Each structure stands twice: as structure tokens, then as C-alpha cells.
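Written below as C-alpha cells is the structure these notes are about.
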Amino acid sequence: MCGRYVIYDRLTQGNVVLLGHDIPTNFNVAPTTEIPIIRRGADHTQELYTARWGLIPNWAKDLKIPPFFNARADKLVGNKVFWPCIQQRCLIPMAGFYEWDQTSKQPYFIQVSDEALFYTAGLWNRWCAPDGQQLDSATIITTDPNDTLADIHHRMPVIVDAEYRDTWLDAEFTTAHSLLKPYTRPMHKYPVNSKHVNNVRNNSIQCLEIMHNR
DNA sequence: CCAGACGTTGTT
DNA sequence: GTCTGG
DNA sequence: CCAGACGTTGTT
DNA sequence: GTCTGG
């Protein structure tokens, strides 16, 4: 799954610069907060938007619904929450994400080995509140784990390689859906300190420190 | 995802 | 336990 | 037809 | 909204 992640440029050790935007570093991005997403703009170029992490369906009366921050790739077809948004695809940039070992609760930081920044597959929606306010929200699609993740968790976010980002955003569903598989290129993980990572209020670089002497 | 609050009364 | 907040 | 649920996790 | 259950 993917319930916490990192926005950071580890090459410049600073903010992420993307599509003309300067995105603030955040070492502890959590559901219900604002996240940057990439989607097709009106002129069909890729544009950076901001959305609430946790998709809000059109029928929601308020924001007090369960946080739909992940969507299972294998259950998209006909899904009452996500299927109506299947044409509203987006990419969610990140430097890495956290995963908690299912049994030990030890958190790990997981990265793509040869990419400082990578992109997960998502869907977004524009929700109209009863008072007329609009809110864009998004969810991250999950799939089975690859070898890097398998020993700690049974889900992982779908990562879209550079050559398929346009396909995810533009292709008809059958083609786009074929991209929703476990990531095959090299990834690596290392344990991090739960004292820092577990609490969303801690979003310093300490979250990325390797935890020794477990 | 994890952390933290969760209630009523009356008073400020 | 269960819900809300981040 | 109307009513009611609609999700992901993990856990049992 | 849209699907399932009754």
C-alpha cells in the first residue's frame, strides 16, 4: 500500500522543481493533506495541480467519509468509487514512500534505485461541496508487491516508468490498465526510526535517517 | 498510514 | 473500540 | 420499484 | 452517481 511518502530532491537536497513549480520538501506526506499531482491540462500539456490525498466521490455529502487514499488496481472495473473517475488519471511524484512491516511495525523507506524522483499512478476527482466550493482529490493505485517489498508488505503503489507516463494519462482503459503491475526495475529499502516517521507532525529529514541497532 | 482523542458541566 | 486529524 | 452502500488496510 | 439487495 502507500499511506505515507516523501517529496524531496535528493540530488539538490532541496525542493522539487517540476513543470515550472517549486514544490516544498515534505518528508512525511500523509492522507488528507494537499499533494502535487500531474494531469492533463486544458491545452493537453502536462500540468501540476494540487489535490487532497484521499479521493472524494461525487456523492459524498461532506468530507467525513473514509479516506480513499489507495485504490486496488485489480478492483477498478465497475468500482462504485473509482470507476467513474477512470478517465481522470494522474501521476503522483515522490522521492520514496514508507511501508510498515506488517508484523513488526518497523517502518521502512523505499526508493527507486536509479531515480531521484518517480511517479505513481493515480486517479483524481473534482468534488462540489454543498456550499458550491470545489475540491480536487486523488488516490494512489496499489498492486501486488515486488521482491523489494514482498517480505514486509503485501501491497505496493503502482510506479509508472518514464516511457509510459503519457500512456497512463492518455490511453484508453485497456492499455492504461496493463501498466498497473508491480515495479520491475531495481528498488531498495532501509529501516527508519518510527519515533520520527510514525507521527505525521515530524516532517524533518530525520525521517530518512537509517535506523541502526534495531 | 499512525496518533490521539474520546464527555459533561459550568465558567471564562 | 472507533472516529478524527494530519 | 426504493433503500442503502459505496474503500483500503489488516485482522479474525 | 451507480450498483446491489430485497
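Letters A, B, ... are given to chains in the order of the sequence lines, protein chains preceding strands, and every chain is numbered from 1. Remember, predicted model here, so these are calculated numbers, not experimental data.
- Applying the side chain to side chain contact (heavy atoms under 4.5 Å, CB included) rule to Asp151(A) yields the partners Lys189(A); only residues at least two apart in sequence or on another chain are considered.
- Residue Phe82(A) is classed as a sugar-phosphate contact, given heavy-atom separations below 4.0 Å to backbone atoms only.
- Summarising the geometry, the separation between NZ on Lys61(A) and P on dA5(D) is reported as 10 Å, rounded to the nearest angstrom.
- Across all strands shown, Asn70(A) has heavy atoms under 4.0 Å from sugar-phosphate atoms exclusively, and none from any base.
- Taking side-chain N and O atoms only, Asn198(A) has no distance below 4.0 Å to OP1 or OP2 of dC1(B).
- Note on Asp74(A) versus Arg72(A): salt bridge recorded, some NZ/NE/NH1/NH2 to OD/OE distance being below 4.0 Å.
- In this structure, Lys80(A) atom NZ and dT8(D) atom P are separated by 12 Å, rounded to whole Å.
- Within the 3.5 Å criterion, the main-chain N or O of Cys2(A) finds a donor-acceptor partner in the side chain of Asn70(A).
- Within the 4.0 angstrom heavy-atom criterion, only backbone atoms of the sugar-phosphate kind lie near Trp100(A); the bases stay farther away.
- For the P atoms, the distance from dG7(D) to dG7(B) is 29 Å, rounded to whole Å.
- The neighbour count for Asp147(A) CG, taken as heavy atoms of other residues, nucleotides or ligands under 6.0 Å away, does not exceed 12.
- Spacing between atom CH2 of Trp83(A) and atom P of dT8(D) amounts to 14 Å, rounded to whole angstrom units.
- Atom NE2 of His196(A) is separated from atom P of dA3(B) by 13 Å (rounded to the nearest Å).
- You'll find the side chain of Ile86(A) reaches within 4.5 Å of the side chain of Leu123(A), heavy atoms only.
- The separation of dT11(D) from dC1(B), taken at their P atoms, amounts to 9 Å, rounded to a whole angstrom.
- Proximity of Arg155(A) to the phosphate of dT8(D): no side-chain N or O atom is located under 4.0 Å from OP1 or OP2.
- Taking atom CG of Asn79(A) as the reference point, atom C1' of dC6(D) lies 8 Å away to the nearest angstrom.
- No side-chain heavy atom of Glu209(A) sits under 4.5 Å from any side-chain heavy atom of Met211(A).
- Nucleic acid contact for Pro31(A): base, since at least one base atom lies under 4.0 Å from a heavy atom of the residue.
- Contact of the Asp9(A) side chain with the Val16(A) side chain is registered, since non-hydrogen atoms from C-beta on lie closer than 4.5 Å.
- Spacing of C1' atoms, dT2(C) relative to dT9(D), comes out at 15 Å, to the nearest Å.
- Residues Asp161(A) and Tyr183(A) have side chains that bring a donor and an acceptor to within less than 3.5 angstrom of each other.
- Within 6.0 Å of atom OH in Tyr164(A), 12 or fewer heavy atoms from other residues, nucleotides or ligands are found, so the atom counts as exposed in its surroundings.
- Annotation: dG5(C) and dA3(D) have their C1' atoms spaced 32 Å apart (nearest Å).
- Judged by ring centres under 5.5 Å apart and planes tilted less than 30 degrees, Phe69(A) fails to stack against the six-membered base ring of dC1(B).
- In this structure, of dT8(D), dA5(D), dC1(B), it is dT8(D) that holds the atom nearest to the side chain of Thr142(A).
- Atom-to-atom, CG of Leu55(A) to C1' of dC6(D) comes out at 12 Å; the value is rounded to the nearest Å.
- For dT9(D), one of the phosphate oxygens OP1 or OP2 lies less than 4.0 angstrom from a side-chain nitrogen or oxygen of Arg72(A).
- An OP1 or OP2 oxygen of dC2(B) is reached within less than 4.0 angstrom by no side-chain nitrogen or oxygen of Asn202(A).
- An OP1 or OP2 oxygen of dG4(B) is reached within less than 4.0 angstrom by a side-chain nitrogen or oxygen of Arg201(A).
- Taking every side-chain heavy atom of Arg4(A) into account, dC2(B) is the closest of dG7(D), dC2(B), dA3(B).
- In this structure, Asn28(A) reaches neither bases nor backbone, as no heavy-atom distance under 4.0 Å exists between it and the strands shown.
- Nucleic acid contact class of Glu99(A) (heavy atoms, under 4.0 Å, all strands): none.
- Comparing the P positions of dG1(C) and dT8(B) gives a spacing of 22 Å, expressed to the nearest Å.
- The interatomic distance linking Trp53(A) (CH2) with dT9(D) (P) rounds to 12 Å, in whole Å.
- Between Asp136(A) and the choices Gln88(A), Arg39(A), Arg52(A), the side-chain hydrogen bond (donor to acceptor under 3.5 Å, both in side chains) rule is met once, by Arg39(A).
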Which nucleotides of DNA chain D pair, in dot-bracket form (Watson-Crick or G-U under 3.5 Å, | meaning another strand): ||||||......

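- With Ile110(A) as the partner, the side-chain contact (heavy atoms from CB on, under 4.5 Å) test is satisfied by one option alone out of Met94(A), Met187(A), His188(A), His153(A): Met187(A).
- One interatomic measurement links the two molecules: CD1 of Ile141(A) to C1' of dT8(D), which rounds to 13 Å at whole-angstrom precision.
- Here chain A contacts DNA chain E (any atom closer than 4.0 Å to a heavy atom, that is under 4.0 Å), and the contacts span dG1(E) to dC3(E) from 5' to 3'.
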